[in-house]
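Comments concern the structure below.
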Number of protein chains: 2
Amino acid sequence: MEGAPIVDRHATREVTKADTPRAAAPAEGSDDLIELLFFAYRDFVGDPDRILAQYGFGRAHHRVLHFVDRYPGLTIAELLDILRITKQSLNRVLKDLIEQDYIVQKTGANDRRQRLLFCTPAGTALAADLTRVQARRLARALSDPPEGDSTAYSAAEGFLLAMIDPEERAAVQRLMARRVGAVA
Amino acid sequence: MEGAPIVDRHATREVTKADTPRAAAPAEGSDDLIELLFFAYRDFVGDPDRILAQYGFGRAHHRVLHFVDRYPGLTIAELLDILRITKQSLNRVLKDLIEQDYIVQKTGANDRRQRLLFCTPAGTALAADLTRVQARRLARALSDPPEGDSTAYSAAEGFLLAMIDPEERAAVQRLMARRVGAVA
DNA sequence: GAGATATGTCAACAAGACTGACGTAAATGG
DNA sequence: CCATTTACGTCAGTCTTGTTGACATATCTC
């Protein structure tokens with residue numbers, strides 16, 4: 001994983017014609033949120049990734065486990081609708097989870113064609129582990145003082161920024177301040 | 001792309017022992033945000049994906065193009081720090097973008113080892129197109145009335161929900177209401 | 001000039017997505 | 001009751017995007 005610098009090098013940047021600031025257009029602020037959402041989501045999925053790696057699972061397994069845990073009795077078709085992947089993709093990871101006893105299938109009582117999905121105790125436990133680290137990050141993000149005005153924009157900005165690893169927030173903010181035409 | 005149902009089928013669910021409601025623990029609300037963040041991010045990247053497909057590009061190309069556009073003169077090392085991928089991975093997509101004239105490299109003036117990255121006009125135009133659809137979604141999410149109490153939690157919930165395709169919000173909310181122990 | 005740094009590149013591999021085709025079991029509608 | 005549809009499984013091949021490891025080259029720094 002090699003730490004987490006994010007552009008903290010010897011600021012050896014060039015000043016070229018492309019650096020001439022163009023006016024920071026008003027209401028262009030949601031551009032910043034695009035990046036923050038990228039960084040926030042990256043760190044958000046990074047937490048569970050580390051746990052999953054210990055089990056030989058990936059994000060695809062996580063998503064399946066999560067939804068089956070939270071919505072016991074989900075059918076294959078429903079899961080496909082939620083995840084928006086093909087049944088072939090789903091089947092590969094689902095097979096892993098079933099073979100290793102994290103998920104079980106039960107034939108539907110009303111419709112015997114359906115395979116209802118349930119977590120085993122082991123599956124529930126693993127899902128809880130994964131949920132824990134993500135909920136922790138979210139709880140922290142929500143409890144962190146948003147600071148400043150509470151417009152919808154700054155609330156979202158504060159929320160997304162707080163979703164990023166604390167050690168990295170400064171680096172992200174430094175990067176974003178470097179933007180062409182940034183408000184400095 | 002085949003529409004976007006998300007669990008709207010003939011509600012043929014079973015009622016089994018696993019459905020016995022377990023008390024919805026208080027302060028467990030950030031669990032909902034986990035899912036909302038998943039759905040929000042899925043739709044958030046879905047917009048640009050459709051545009052990128054027309055160019056034969058993927059998300060990896062998008063990320064490179066985005067950061068080079070916003071931070072002209074970025075070096076390879078800086079980009080690697082931001083994206084957290086290996087130089088081999090970066091090189092593959094960067095090569096595509098350079099060969100097709102969306103990005104150009106310029107040798108650093110201070111340090112001639114560095115390759116400073118810049119967008120061509122075509123690159124800037126494409127980046128603007130991609131940013132536009134994402135900014136549109138964000139602007140809409142921020143302007144949508146959050147409704148109700150304005151705790152940090154419900155602000156985040158409102159923001160994330162508003163990030164989801166409007167046609168699908170109801171389906172997502174229906175799904176989440178179905179959760180085990182949901183507050184009904 | 002030696003060594004570190006910035007970048008490029010070859011090769012092999014893995015996860016996770018896709019398409020297309022085909023098979024089976026069960027429900028459903030005439 | 002039989003034809004069709006639906007729900008699911010699976011085989012086979014491909015693509016994108018990530019990985020590791022090794023090695024080359026140019027440039028900077030001491």
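- Side-chain atoms of A:Lys87 lie closest to C:dA21 of the nucleotides C:dA21, D:dT19, C:dT7.
- If you check C:dT7, C:dA21, C:dA17 against the side chain of A:Ala60, the one that comes closest is C:dA17.
- Note on B:His61: every side-chain N or O is 4.0 Å or more away from OP1 and OP2 of D:dT16.
- Phosphate contact (OP1/OP2 of D:dT19, side-chain N/O of B:Ser89, threshold under 4.0 Å): present.
- Residue A:Gln114 places no side-chain N or O under 4.0 Å from the OP1 or OP2 atom of C:dA25.
- Atom CG of A:Asp96 and atom P of D:dT10 are 12 Å apart (whole Å).
- Relative ring orientation between A:Phe44 and A:Tyr41 is described as tilted, the plane-to-plane angle lying within the 30° to 60° band.
- Atoms NZ (B:Lys95) and P (D:dT16) sit 14 Å apart, rounded to a whole Å.
- Between B:Arg42 and B:Asp49 there is no salt bridge, since no side-chain nitrogen of the basic residue lies less than 4.0 Å from a carboxylate oxygen of the acidic one.
- The separation between B:Leu116 atom CG and D:dT27 atom C1' is 14 Å, rounded to whole Å.
- Checked by atom type and distance alone, the side chain of B:Asp165 never pairs as donor or acceptor with a backbone atom of B:Glu167 at under 3.5 Å.
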- [ ] Determine, step by step, whether B:Tyr55 and B:His61 satisfy the side chain to side chain contact (heavy atoms under 4.5 Å, CB included) criterion, reporting the C-alpha distance in whole Å, the side-chain angles of both residues, the deciding distance to 0.1 Å, and the verdict.
- [x] CA-CA 10 Å; B:Tyr55 292 79; B:His61 299 90; over 6 Å; no

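- When distances are taken from the side chain of A:Ile76 to each of C:dT7, D:dC8, D:dT19, the shortest belongs to D:dC8.
- A perpendicular orientation is assigned to the rings of A:Phe159 and B:Phe159, their planes being inclined by more than 60° (bins at 30° and 60°).
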Polar-atom pairs under 3.5 Å, protein N or O versus N or O of nucleotides 28-30 of chain D: list them with distances, or write none.
residue	atom	partner	partner atom	Å
D:dC28	OP1	B:Arg112	N	2.9

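- Side-chain atoms of A:Arg92 and base atoms of C:dA17 include a donor and an acceptor less than 3.5 Å apart.
- A salt bridge links B:Asp32 with B:Arg179: at least one charged nitrogen is closer than 4.0 Å to a carboxylate oxygen.
- The CZ-C1' distance, from B:Arg84 to D:dT17, rounds to 17 Å in whole Å.
- Distance, B:Leu90 CG to D:dT17 P: 12 Å, rounded to whole Å.
- Distance check: A:Leu130 CG to A:Leu52 CG gives 5.0 Å after rounding to the nearest 0.5 Å.
- With rounding to whole Å, A:Asn91 atom CG is found 19 Å from C:dG20 atom P.
- Atom CD of A:Gln105 is separated from atom P of D:dA7 by 16 Å (rounded to the nearest Å).
- When each of A:Gly56 and A:Ile85 is assigned the nucleotide of DNA chain C bearing its nearest heavy atom, the one mapping closer to the 5' terminus is A:Gly56.
- One axis for each end of the helix from C:dG1-D:dC30 to C:dG30-D:dC1, each built from five base pairs, and the angle between them comes to 30° at 10° resolution.
- Among all heavy-atom pairs drawn from A:Cys119 and A:Thr124, the shortest one is CB-OG1, 3.5 Å.
- Taking only side-chain nitrogens and oxygens, A:Thr86 comes nearer than 4.0 Å to OP1 or OP2 of C:dC18.
- Listed by chain and number, the residues in a side-chain hydrogen bond (donor to acceptor under 3.5 Å, both in side chains) with A:Thr86 are A:Ser89 (sequence neighbours excluded).
- In this structure, B:Arg63 reaches the D:dG18 phosphate: one of its side-chain N or O atoms is under 4.0 Å from OP1 or OP2.
- Residue side chain A:Gln88 reaches the base of C:dG20 through a donor-acceptor N/O pair under 3.5 Å, judged by distance alone.
- Here the P atom of nucleotide C:dA14 and the CG atom of A:Leu52 are 19 Å apart, to the nearest Å.
- Taking 4.0 Å as the cut-off between side-chain N and carboxylate O, B:Asp47 and B:Arg50 count as a salt-bridged pair.
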